[in-house]
Amino acid sequence: MNFNEKMFELGNHGSAIRELFEYGNKRRKIVGDENVFDFSIGNPSIPAPLIVNETIQKLLNEKDSVKLHGYTSAPGDIVVRSKIADYLNKTYNANVDKDRIYLTCGAAASLTISLNALLNPGDEVIVFAPFFPEYRVFIEKAGGKVIVVNEADDLTINFTDLNLKLSDKTKAVIIDSPNNPTGAVLKEDVIIKLSKLLKEKEKEYNHEIYLISDEPYREIIYDDIKYPFVTNYYDDSIICYSFSKSLSLPGERIGYIIVSSNMKDSLSLYKAICGSGRALGFVCAPALFQYLVGETIGHTSNINEYKKNRDYLYNALKDLGYTLVYPDGAFYLFMKALESDAEAFSRRALKYDLLLVPSDSFGVKGYVRLAYCVSYDMIKRSIDAFKKLKEDYDNEK
Ligand code: PLP
């Protein structure tokens with residue numbers, strides 16, 4: 001093979017999530033759309049708010065077409081960046097500087113640009129199990145080594161194991177809150193504890209440890225939980241954001257990176273982010289969508305619909321006897337498999353056309369992830385299939 005074997009491998013074996021999603025598409029053609037209960041992929045099911053289409057229309061009607069579709073500056077239009085900074089500073093009482101924002105093609109690009117800006121060969125990046133599987137792909141491609149912190153009892157942060165895994169080689173730690181796949185939200189006391197530990201370790205090792213906060217679900221939080229904005233707590237932090245989920249625009253590829261302006265080497269790291277964006281070919285995020293997010297900042301799709309899904313699904317599955325992690329945010333439910341092998345459980349669920357993602361690719365064993373960003377009707381129809389699946393296992397006892 002006269003090309004990059006690692007890239008071939010990645011392309012040849014899609015992610016477990018995508019493979020299940022493709023299986024669902026085939027299955028729908030055979031048994032009908034209404035008989036497949038596809039909980040595989042985190043594709044928002046709620047439409048973008050009306051203001052999105054109205055603003056696109058307005059931009060098309062009113063803005064000069066050459067400018068509208070032309071290149072912006074490489075890190076993104078300065079007026080848009082100002083609007084984002086103003087909004088965040090007002091909402092979170094933060095200290096975001098427009099000249100430390102880099103607009104990207106979504107959170108995936110935010111992460112790859114940030115990791116490539118930070119890492120030298122052999123640097124270690126800590127992730128917390130369970131974690132978004134693409135972290136491994138992004139870290140390794142940027143030359144880093146993935147260090148997995150074992151899951152905590154509540155599936156948030158296992159501080160005992162984190163303490164053991166932090167080392168002189170640790171360059172960065174990635175958090176993801178609200179979390180994919182558990183829906184857990186890191187509350188303020190956890191962020192304070194994490195910041196304190198990282199600051200101590202920075203002193204001990206005499207170098208920075210960057211906290212990368214991956215936040216595509218920032219606004220998808222239920223029950224009045226207050227979101228701790230990480231740059232307010234830890235100076236060496238970077239935020240990787242995306243509008244994919246909050247505005248239901250995953251196909252449009254728009255997001256941003258924020259380098260904390262409280263960081264000592266903030267400008268240098270920002271320049272490295274710009275260099276990394278350049279080297280990866282990620283300059284000038286889609287212009288129309290840059291202007292769109294500038295005009296609609298602060299709006300979200302109707303998050304209450306996800307809450308309705310969460311409440312119904314969580315309660316119905318609990319009533320059937322399943323064990324679940326109660327999700328405070330995002331649109332995922334993490335459920336204990338009914339046998340220790342989550343892949344075998346996921347395969348058995350296919351018998352009832354239930355598409356559940358086994359937890360192995362998230363770095364833990366024995367669970368499945370259900371993406372409940374689906375229609376309420378599908379959730380209601382699926383409960384009978386979950387009942388049959390449970391009975392299937394109960395009958396074996
Ligand atoms: N990070 C997490 C935790 C995600 O769940 C996703 C997408 O599902 C991404 C990053 C990538 O987001 P985007 O589609 O904006 O690139």
Side-chain angles (χ1 to χ4, degrees), residues 10 14-21 38-46 48 76 84 102-116 125-139 141-142 146 148 155-157 172-186 211-221 227 230 238-258 277 280-282 285-286 289-290 292-293 300-301 306 327-334 357 359 361-364 369-374:
L10 287 173
S15 74
I17 299 168
R18 289 228 162 244
E19 279 182 6
L20 209 52
F21 175 67
D38 185 353
F39 292 96
S40 66
I41 205 164
N43 216 350
S45 53
I46 299 171
I84 293 172
Y102 191 98
L103 288 162
T104 65
C105 295
S110 301
L111 287 160
T112 50
I113 293 172
S114 301
L115 288 163
N116 278 277
V125 180
I126 288 183
V127 299
F128 298 97
F131 58 89
F132 180 55
E134 297 306 275
Y135 290 163
R136 184 178 290 287
V137 178
F138 299 159
I139 293 166
K141 183 62 192 150
V146 181
V148 179
L155 297 175
T156 59
I157 292 185
V173 172
I174 303 183
I175 54 173
D176 164 28
S177 168
N179 187 268
N180 176 7
T182 66
V185 175
L186 299 179
L211 179 62
I212 300 176
S213 182
D214 180 24
E215 310 187 352
Y217 305 95
R218 186 198 292 149
E219 291 84 2
I220 308 179
I221 295 190
Y227 190 78
V230 296
I238 298 168
I239 291 174
C240 292
Y241 182 79
S242 161
F243 294 90
S244 295
K245 317 287 176 169
S246 60
L247 271 184
S248 299
L249 294 175
E252 306 300 357
R253 317 308 299 136
I254 188 79
Y256 57 75
I257 301 167
I258 296 170
L280 295 169
F282 274 139
F289 284 88
Q290 290 191 37
L292 170 80
V293 299
T300 66
S301 39
Y306 294 133
D328 286 321
F331 36 55
Y332 305 105
L333 199 54
F334 214 46
V357 181
S359 61
S361 60
F362 298 103
V364 299
R369 187 196 75 171
L370 286 69
Y372 59 83
C373 43
V374 293

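Side-chain atoms are counted along with the backbone in the values below, which use heavy atoms only and exclude waters and symmetry mates. Each ligand, and each atom within it, is numbered from 1 in the order the structure gives. Nothing here was measured: the structure is a model prediction, and the numbers come from that model.
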4.0 Å heavy-atom contact, [X] with ligand 1:
X: F243; answer: no
X: E134; answer: no
X: P250; answer: no

Heavy-atom nearest neighbour in the protein, as seen from [atom], with distance rounded to 0.1 Å:
atom: atom 12 (O) of ligand 1; result: A107 CB, 3.4 Å
atom: atom 1 (N) of ligand 1; result: D214 OD2, 2.6 Å
atom: atom 6 (C) of ligand 1; result: F132 CZ, 3.4 Å

Inset, instruction - Return a yes/no value for G106: is any of its N or O atoms, backbone included, closer than 3.5 angstrom to an N or O of ligand 1? - result: no
Legend entry - Close N or O approach (Y135, ligand 1; < 3.5 Å): no
Inset, instruction - Give the contacting part of A108 toward ligand 1: side chain, backbone, both or neither, where contact means a heavy-atom distance below 4.0 Å. - result: both
[X]: numbered ligand 1 atoms lying under 4.0 Å from its heavy atoms:
X: D176; value: 3 (C)
X: R253; value: 13 (P), 14 (O), 15 (O), 16 (O)
X: K245; value: 7 (C), 8 (O)
X: N180; value: 3 (C), 4 (C), 5 (O)

Legend entry - Intermediate values then yes/no, side-chain contact (heavy atoms from CB on, under 4.5 Å), L292 and E252: CA-CA 11 Å; L292 170 80; E252 306 300 357; over 6 Å; no
Inset, instruction - Would you give the length of the straight line joining atom CG of L115 to atom CD1 of I174, rounded to the nearest 0.5 angstrom? - result: 5.0 Å
Legend entry - Option of least heavy-atom distance to atom 15 (O) of ligand 1 (set: S242, G251, S246): S242
Inset, instruction - Locate the shortest heavy-atom distance separating S45 from V374; write the atom from each residue and the value. - result: OG-N, 3.3 Å
Inset, instruction - Over 60° means perpendicular and under 30° means parallel, so classify the ring planes of Y135 and F131, tilted if in between. - result: parallel
Inset, instruction - Using atom types as modelled and distance alone, determine if a side-chain donor or acceptor of T104 lies under 3.5 Å from a backbone N or O of G106. - result: yes
Legend entry - Y306 versus S301, side-chain donor and acceptor atoms under 3.5 Å: no
Inset, instruction - Assess whether side-chain contact (heavy atoms from CB on, under 4.5 Å) is satisfied between I17 and F362, documenting all intermediate values. - result: CA-CA 10 Å; I17 299 168; F362 298 103; 4.0 Å; yes
Inset, instruction - Determine, using ring centers only, whether F289 and F243 are less than 6.0 Å apart. - result: no
Inset, instruction - Quickly, which of S110, S246, S213 forms a side chain to side chain donor-acceptor pair (under 3.5 Å) with Y241? Name it, please. - result: S246
